[in-house]
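Following: one structure in structure tokens, then a few remarks.
Labels below follow one simple rule: chain letters A, B, ... track the order of the sequence lines, proteins then strands, and each chain is numbered from 1.
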There are 2 protein chains.
Amino acid sequence: MVYSAAQLVRSRGVAATGVRDVVAHANAPRGSFQHYFPGGKDQLVGEALIWSGDFAAGWAAEYPATTRRPTPAGLFAHLVRQWRDEFTTRGFERGCPVMAGSADLAGGDSPVNDQVRAALARWHRAVTDQLVRMDLPRHRARRLATLMISTLEGAIMTARIQRSVTPLTTVVRELGPLLG
Amino acid sequence: MVYSAAQLVRSRGVAATGVRDVVAHANAPRGSFQHYFPGGKDQLVGEALIWSGDFAAGWAAEYPATTRRPTPAGLFAHLVRQWRDEFTTRGFERGCPVMAGSADLAGGDSPVNDQVRAALARWHRAVTDQLVRMDLPRHRARRLATLMISTLEGAIMTARIQRSVTPLTTVVRELGPLLG
DNA sequence: TCCACGTTATGACGTCTGTCATACTATGAC
DNA sequence: GTCATAGTATGACAGACGTCATAACGTGGA
């Protein structure tokens, strides 16, 4: 159910995603929603965002298993690759849940902002840890992780708007040399 | 009125922004909305996005007047500076309208997607032109513009989530050396 | 004065939202 | 059997949404 919520939020945004849509998408009984989510919609999308943050962090953590010589550039390419695959196989319908949450509620004072922040922090931490494993000093790893995530998110946005994966390949090609 | 729409979309997203809110924010009579915007909400947010794209393009075009020796890195810093000022003086309430439009409707088939695409294209074109003026070949200028805009957008998102301008200063510091 | 037209005012429509209240069914303990 | 409890099923609520229909208003020309 939180998975369904995440998918719908990714494609339509937070505000446009109704709880009725989520329960229908999850083939769940409508009465179960209020039983498992007494916190209402806020709790639902909050858990969806946390789940997404964990997923992104897990994906970053899998990078060492995909190569024999890990590099920052390779890590960035690994992060981008997931989105290129997503777009090529499933189309441009779904974007990043963190961006969706940010765009819809980062301006206000919704309690879900805590979960948006937590999801991004978890993801950022995972990327940083990978860079630290490559013997980068932690403070520099943090800055590089910020750069990577920012560029990736922006490229995701651009790619979805143009409905083309070119921005993804462009940023990985242009940013790679700097990252080493 | 399209200006009010842009501001509200920037802070709350497209779906969460009601036409009633817009006319109230613009101190405009409610009956005027349907007179000037017979196309309804789609037309309103569409024009708001076009307006935003023009504004961003204009900002990019102003760069040469701010320096004696234009460089790609200086241009990027110029683009980022606007957002650092926005966040420091007006807080993190308002984000980028293009991102808001992308997050809320890029997944579906809303007719407003054309305007989102147009706004991004106009902005991208303006940045590209600036790079071409620095004697970069057009095809390379296009790629660098994609990188700049993507990184900037992602940094805006990150900054708003963390409610800190640090991501902005980080990306300009890390990306600068590569851009030259 | 009269009409026409651009603009504003207001009320209502149907639909959707999130949430709540209530009743039902199952399962398991004793 | 009896009872409690977890889970499910509906229906209704008040409010907001986008849109439409209609009427009133102001101003300029004939």
Fill in the blank from the handout: For A60(A) and V127(A), the nearest pair of non-hydrogen atoms, with its separation, is CB-CG2, 4.2 Å
Handout entry: Closest heavy-atom pair and its distance - V22(B), M1(B)
Key = CG1-O, 3.8 Å
Exercise for the section: Describe the nucleic acid contact of D42(B) in one word from base, sugar-phosphate, nothing, applying a heavy-atom distance below 4.0 Å. Expected result: nothing
Practice task
Mind checking the CZ-CD spacing from R117(A) to Q115(A)? Nearest 0.5 Å is all I need.
Solution key: 9.5 Å
Practice task
Would you name the heavy atoms of F92(B) and S164(B) that are closest together and state the gap between them?
Solution key: CZ-N, 3.3 Å
Practice task
Please state how far atom CZ in R20(B) lies from atom P in dC16(C), giving the value in whole angstrom units.
Solution key: 16 Å
Exercise for the section: Please name all residues satisfying ring-ring contact (aromatic ring centres under 6.0 Å, His included) with Y36(A), sequence neighbours left out, ordered by chain then number. Expected result: none
Problem - Sorted by number, the residues of residues 29-40 of chain A with heavy-atom contact under 4.0 Å to DNA chain C - result: R30(A), Q34(A), G40(A)
Practice task
Ignoring hydrogens and angles, state whether a donor on the side chain of E47(A) or Q43(A) is under 3.5 Å from an acceptor on the partner side chain.
Solution key: yes
Fill in the blank from the handout: What one should report as the nearest heavy-atom pair of P70(A) and Y63(A) is CA-OH, 3.4 Å
Handout entry: Ring-ring centroid check W59(B) F55(B), cutoff 6.0 Å
Key = no
Exercise for the section: Take atom CG of L8(A) and atom P of dG18(C), then tell me their distance rounded to the nearest Å. Expected result: 12 Å
Handout entry: Positional range of nucleotides in DNA chain D within the contact set of chain A, heavy-atom, under 4.0 Å
Key = dA6(D) to dA12(D)
Exercise for the section: Find the distance D21(A):CG to dT15(C):P and express it as a whole number of Å. Expected result: 16 Å
